[in-house]
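Working notes, beginning with the structure itself.
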Amino acid sequence: MAAPLAAGATSAPASASASATGTAEQVLLFMWGRLTLDDLEAEGDPRVFEQLIAWEPEV
């Protein structure tokens with residue numbers, strides 16, 4: 001059974017514009033700058049990953 005939509009939502013979320021697949025270790029090493037995107041199986045816009053790495057969440 002699919003999860004219900006959030007209050008006020010009119011449709012399901014949009015599909016991802018990029019994805020990367022690898023082991024948990026590979027993904028963490030990529031996020032820490034120890035591996036490159038070429039080390040993962042990546043599809044879509046590589047700029048999405050650049051933005052994710054540059055993102056500094058507020059603490």
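Partners of Ser19 according to the side-chain hydrogen bond (donor to acceptor under 3.5 Å, both in side chains) rule, which considers only residues two or more places apart in sequence or in another chain, do not exist here. The side-chain hydrogen bond (donor to acceptor under 3.5 Å, both in side chains) test applied to Gln26 returns Thr23, not counting sequence neighbours. For Ser17, the side-chain hydrogen bond (donor to acceptor under 3.5 Å, both in side chains) test picks out no residue, with sequence neighbours left out. Under the rule for a salt bridge (Lys or Arg N to Asp or Glu O under 4.0 Å), the partners of Asp45 that lie at least two apart in sequence or sit in another chain are Arg47. Here Leu29 pairs with Glu25, Trp32, Arg34, Leu35 under the side chain to side chain contact (heavy atoms under 4.5 Å, CB included) rule; sequence neighbours left out.
Closest approach of Val27 and Leu40 over heavy atoms only: N-CD2, 4.2 Å. Between Phe30 and Ile53 the shortest heavy-atom distance is CZ-CD1, 3.5 Å.
Trp55 and Val48 fall into different hydrophobic clusters, where Ile, Leu, Val, Met, Phe, Trp and Tyr side chains are chained together by heavy-atom contacts under 4.5 Å.
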